Amino acid sequence: MFTGIITGVGRIAAVHDLGSSSSHGKRLSIAVPDGYLDDVGLGDSIALNGACMTVTSLDLPGQQFTIDISAESLDKTAGLSDAAAEVNLEKALRAHDRLGGHIVSGHVDGIGTVTRFAPVGESWELRVLAPPALARFLAYKGSITINGVSLTVNSVTDLADGSEVSINLIPHTVENTALGSLQQGSRVNLEIDTVARYVERMLQAGAIPLPQKDKAP
């Protein structure tokens with residue numbers, strides 16, 4: 001589990017094929033800030049742009065670690081096989097950590113497209129078009145994870161090809177995550193709020209009764 005509070009920005013230093021066909025995945029070498037791996041061990045979970053991955057090797061002198069990513073994961077995510085790309089990093093939540101963002105599983109639910117990323121006053125407005133399947137999970141002042149970052153939705157606009165969410169990014173977020181490199185047309189990993197996921201399931205199963213309209217006497 002994660003919180004969506006980014007603890008470092010890494011870079012995909014190398015991409016290696018794990019096989020010769022499209023059914024094979026890739027091995028990524030991730031370069032990290034100095035000291036980032038001091039408390040990391042083999043088998044630990046680290047989220048890359050919001051996707052939970054397992055550390056398969058460590059190079060402490062070189063400040064790098066590797067992960068193996070399957071073809072299925074590559075198909076369901078964006079930006080995880082682009083050499084030299086910056087990636088948001090978050091280590092798995094520990095029981096005594098502060099829950100600074102919201103509960104994040106590290107399982108990407110869909111890929112969105114940036115429709116606007118521009119300064120507004122001292123902040124930045126980020127608009128992302130989410131696929132139609134995720135529309136019912138998005139709400140005003142609700143939470144969404146974009147490339148691993150826990151963010152608050154300022155508005156939702158339902159469109160024919162999905163739902164566009166507008167988000168305000170403070171300068172600290174832009175400066176300390178890889179979101180600052182986004183531009184119109186960028187593809188981003190989206191994870192919906194866990195609470196919204198379960199509420200939707202309970203509504204489908206009839207576990208939460210919907211309010212009934214008063215009948216005329």
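The model shown is predicted, which means the values in this text are computed figures rather than measured ones. For reference, positions follow the sequence shown, starting with 1.
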Closest heavy-atom pair and its distance - S105, C52
O-CB, 4.3 Å

Could you grab the distance from atom CG of L58 to atom CG of L42, nearest 0.5 Å is fine?
5.0 Å

Do you know which two heavy atoms are closest between L190 and P131, and how far apart they sit?
CD1-CD, 4.1 Å

Between the main-chain N or O of Q183 and the side-chain N or O of S186, is there a donor-acceptor pair closer than 3.5 Å?
yes

Side-chain (N88) to main-chain (N147) donor-acceptor, under 3.5 angstrom
yes

Can you tell me how far CD1 of I103 sits from OG1 of T194, rounded to the nearest 0.5 angstrom?
6.0 Å

Find the distance between OG (S81) and CD1 (I12) and round it off to the nearest 0.5 Å.
7.0 Å

Cluster link L48 to L37, ILVMFWY, side chain under 4.5 Å:
yes

In sequence, state the C-alpha distance, the side-chain angles, and the governing distance for V32 and Q63, and then conclude on side-chain contact (heavy atoms from CB on, under 4.5 Å).
CA-CA 6 Å; V32 301; Q63 294 298 311; 4.0 Å; yes

Quick check for you: to the nearest 0.5 Å, what is the distance between D68 atom CG and T56 atom OG1?
4.5 Å

Write out all pairs satisfying ring pair (Phe, Tyr, Trp, His ring centres under 6.0 Å) with one or both partners inside residues 120-150, taking only residues at least two apart or from two chains.
F117-W124

Going by heavy atoms in the side chains, are D39 and K91 under 4.5 Å from each other?
yes

Give me the atom names and distance for the closest heavy-atom approach of S163 to L138.
CB-CD1, 4.1 Å

Looking only at atom types and distance, does a side-chain atom of T66 sit under 3.5 Å from a main-chain N or O of S57, one as donor and one as acceptor?
yes

With side chains defined as the heavy atoms from C-beta onward, is the minimum distance between L28 and V15 less than 4.5 Å?
yes

Tell me, with the steps shown, if K76 and V108 meet side-chain contact (heavy atoms from CB on, under 4.5 Å).
CA-CA 7 Å; K76 297 298 189 294; V108 175; 5.8 Å; no

Would you confirm whether T7, through its side chain, and L89, through its main-chain N or O, come within 3.5 Å as a donor-acceptor pair?
yes

Please report the closest heavy-atom contact between A51 and T77, naming both atoms and the distance.
CB-CG2, 4.4 Å

Say you draw a straight line from CD of Q184 to OG1 of T115; how long is it, rounded to the nearest 0.5 Å?
7.0 Å

Co-membership, hydrophobic cluster, residues V120 and V156, 4.5 Å side-chain
no

Taking the side chain as every heavy atom from C-beta outward, state whether T54 and I67 have any pair of such atoms under 4.5 Å apart.
no

Show which residues join V104 in its hydrophobic cluster (side-chain heavy-atom contacts under 4.5 Å, direct or indirect), or state none.
F2

So, E90 side chain and G4 main chain: donor-acceptor pair closer than 3.5 Å or not?
yes

Side chain of N189, backbone of A78: donor and acceptor closer than 3.5 Å?
yes

Gap separating the OG atom of S22 from the CG atom of L74, nearest 0.5 angstrom:
11.0 Å

P171 to S123 - nearest heavy-atom pair and separation
CD-OG, 4.3 Å

What one should report as the nearest heavy-atom pair of R136 and E200 is NE-OE2, 2.9 Å

Pairwise salt bridge (Lys or Arg N to Asp or Glu O under 4.0 Å) hits with a residue in residues 1-25, at least two apart
D17-K26

Under a single-linkage definition using a 4.5 Å side-chain heavy-atom cutoff for Ile, Leu, Val, Met, Phe, Trp and Tyr, are L182 and I111 assigned to the same hydrophobic cluster?
no

For residues 19-78, pull every pair meeting ring pair (Phe, Tyr, Trp, His ring centres under 6.0 Å), keeping only residues two or more places apart or in separate chains.
none

Quick one, L179 and I6 - any side-chain contact, counting heavy atoms below 4.5 Å?
no

Under 4.5 Å between side-chain heavy atoms, hopping through other hydrophobics if needed: is there a path connecting I146 to V174?
yes

Mind checking whether V188 and I192 sit in one hydrophobic cluster, side chains of I, L, V, M, F, W, Y counted as touching below 4.5 Å?
yes

Quick one: does N49's side chain have a donor or acceptor within less than 3.5 Å of a partner on V87's backbone?
no

Worked verdict on L18 versus I69 for side-chain contact (heavy atoms from CB on, under 4.5 Å):
CA-CA 9 Å; L18 294 176; I69 181 169; over 6 Å; no

Is there a side-chain contact between L129 and D161 (heavy atoms, below 4.5 Å)?
yes

Within residues 99-128 or reaching into it, pairs that qualify as salt bridge (Lys or Arg N to Asp or Glu O under 4.0 Å) - sequence neighbours excluded:
D109-R197, R116-E125, E125-R127

Residue pairs meeting salt bridge (Lys or Arg N to Asp or Glu O under 4.0 Å), one or both in residues 140-154, sequence neighbours left out, come to none

Side-chain heavy atoms of I144 within contact of L134, under 4.5 Å:
no

